[in-house]
Amino acid sequence: MEEKNIASRPPVEPSGAAGAAEKPASKPKWPIPAIAAGAVVVLVAAGFAGWHAYTARELDAAKTACAEAADTLRGKANDYNALVNGDAKTASETTPKQVRDAKAVDALKAALKATAPEYEGCTADSKDGLDAAAAKLGQQAEWYESHEKTLTGAVKAVETSKLDKTVDDANALLKSSDGQVQDDKTRDALSGAIKARDADAIAKAVKQVNDSVAAKKKADEEARAQAEAAAQAAAAQAAQSQASGGYTGGYSGYTGYTGGGRGGSNGGGQPAYTPPAAPQPTPAPSGGDDEYETISWCGTLGSDPARC
């Protein structure tokens, strides 16, 4: 009976140092919040670093895009300026009288008056500023491209109209020089240049035709002068021959005074007038075709002669 009572008793906790040695030690509760706070700090730092890296990449990309836009703009501007200072400048020196259509010259002058945009570059520090600068540079590049096309068309219109006028003038010269050149080959060369619409060849052929026209004109003038001189010489010779010619018969019968005591005197100390001798009979031809009649003419000075 006693053994059952001992078995049914509840266990008794030890007291004193023995009990304290048998209880397990309790764990501190502060490391959990500290670890959480540290993790948050790490995450924040990582996020900041990631955001900074992202913005840096975005800024670099914006800078690159703006630089590329600036390069494109410079290329377009250089092409436009080369046209303005080259072919456009040469074409602008053309006068309305040198072209078939004067409106082409006016259109070119108007195109050259366009004001080019002012280059600003990529001076912004932020992504948004660089993006705005790149967009503006792109618009300026489009301006240069479109105006280059317009100016190119205006230059070509002037050059075409000038060539048309050159061809027109050459055709007029080809027509007017027909039969007026010393060498017809020059006109053939001009005709070929006109068909080819070659301005340089036309200019060369035009000079050759004009020189040939001048040469023929000079030759014609010299020939005309020689002919006139010959005609004048012939006329002078004819006049001289006529002046030294006339009738060949002589006067007979007037002997004038004989002086001295011959023929007497009229009382005034002047010699007496001796009447002309009687006309001599004209011998008849003795026959034959080779003999001619001898004719004598008589008369006084100052009157027409008469046959004796």
Side-chain angles (χ1 to χ4, degrees), residues 31-96 98-166 196-200:
I32 296 176
I35 294 173
V40 170
V41 172
V42 171
L43 291 174
V44 170
F48 178 79
W51 175 83
H52 181 72
Y54 171 78
T55 55
R57 287 195 300 270
E58 289 291 306
L59 184 61
D60 290 341
K63 289 181 179 179
T64 301
C66 190
E68 291 177 352
D71 289 341
T72 301
L73 171 60
R74 279 191 291 269
K76 299 293 184 182
N78 289 339
D79 293 341
Y80 176 80
N81 290 329
L83 176 61
V84 170
N85 298 321
D87 293 342
K89 181 180 180 181
T90 302
S92 66
E93 297 173 355
T94 304
T95 64
Q98 293 177 298
V99 295
R100 179 188 288 179
D101 185 6
K103 293 180 180 179
V105 176
D106 297 335
L108 176 59
K109 290 181 179 179
L112 286 172
K113 290 181 180 179
T115 302
E118 184 178 355
Y119 175 79
E120 296 180 0
C122 303
T123 58
D125 296 330
S126 64
K127 176 182 179 302
D128 293 339
L130 291 171
D131 289 342
K136 187 172 184 179
L137 292 173
Q139 294 174 354
Q140 292 177 343
E142 291 177 357
W143 185 95
Y144 279 109
E145 184 177 2
S146 63
H147 279 73
E148 182 187 1
K149 291 180 180 179
T150 301
L151 187 57
T152 299
V155 170
K156 186 175 181 180
V158 170
E159 292 174 346
T160 300
S161 187
K162 185 177 181 179
L163 180 57
D164 290 341
K165 181 66 165 55
T166 299
R197 288 180 64 85
D198 186 336
D200 294 336

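Computed from a predicted model, the values in this text were never measured in an experiment. The first residue in the sequence is number 1, and the count goes up from there.
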**Asked** What residues form a side-chain contact (heavy atoms from CB on, under 4.5 Å) with Glu120, not counting sequence neighbours?
**Response** Lys136

**Complete:** Heavy atoms of Ser92 and Leu112 approach each other most closely as CB-CD1, 3.9 Å

Extract all donor-acceptor atom pairs below 3.5 Å that involve side chains of residues 123-130 and protein atoms in other chains or at least two apart in sequence.
from, atom 1, to, atom 2, distance (Å)
Ser126, OG, Gly129, N, 3.1
Lys127, NZ, Asp131, OD2, 2.8

**Prompt:** Can you tell me how far the CG atom of Asp79 sits from the CD atom of Glu148, to the nearest 0.5 Å?
**Reply:** 5.0 Å

**Complete:** With sequence neighbours left out, the residues meeting salt bridge (Lys or Arg N to Asp or Glu O under 4.0 Å) with Lys165 are Asp169

**Request:** Hey, could you give me each pair passing ring-ring contact (aromatic ring centres under 6.0 Å, His included) that has a residue in residues 121-141? Not counting sequence neighbours.
**Result:** none

**Complete:** Across all chains, not counting sequence neighbours, the salt bridge (Lys or Arg N to Asp or Glu O under 4.0 Å) partners of Lys76 are Glu145

**Message:** My understanding is that only residues two or more places apart in sequence, or in another chain, count here; which of them pass side-chain contact (heavy atoms from CB on, under 4.5 Å) with Leu163?
**Reply:** Val167, Arg197, Ala199

**Prompt:** Is a donor on one side and an acceptor on the other found under 3.5 Å between the side chain of Ser161 and the backbone of Ala157?
**Reply:** no

**Item:** Considering all heavy atoms, the nearest Ala91-Val158 contact
**Value:** O-CG1, 3.8 Å

Side-chain polar contacts of residues 63-72 - donor-acceptor pairs under 3.5 angstrom, sequence neighbours left out - could you list them?
from, atom 1, to, atom 2, distance (Å)
Thr64, OG1, Asp60, O, 2.9
Asp71, OD1, Arg74, NH2, 2.2
Thr72, OG1, Glu68, O, 3.0

**Message:** Counting C-beta onward and ignoring hydrogens, is there a side-chain heavy-atom pair between Asp164 and Val99 closer than 4.5 Å?
**Reply:** no

**Item:** Results of side-chain hydrogen bond (donor to acceptor under 3.5 Å, both in side chains) for Gln139 - residues two or more places apart only
**Value:** none

**Request:** Would you list the pairs meeting ring-ring contact (aromatic ring centres under 6.0 Å, His included) in which at least one residue belongs to residues 65-91, sequence neighbours left out?
**Result:** Tyr80-Trp143, Tyr80-Tyr144

**Message:** Please find the pair of heavy atoms, one from Leu151 and one from Val84, that lie closest to each other, and give the distance.
**Reply:** CD2-CG2, 3.6 Å

**Message:** Please list all pairs meeting ring-ring contact (aromatic ring centres under 6.0 Å, His included) that have one or both residues in residues 112-131, counting only residues at least two apart or in different chains.
**Reply:** none

**Item:** Qualifying residues under side-chain hydrogen bond (donor to acceptor under 3.5 Å, both in side chains), relative to Asp101, sequence neighbours excluded
**Value:** none

**Message:** Using 0.5 Å steps for rounding, measure from the OG1 atom of Thr150 to the NE2 atom of His147.
**Reply:** 6.0 Å

**Message:** Quick test of your reading: applying disulfide bond (SG atoms under 2.5 Å apart), list the pairs with at least one residue in residues 125-158, sequence neighbours left out, ordered by first then second residue.
**Reply:** none

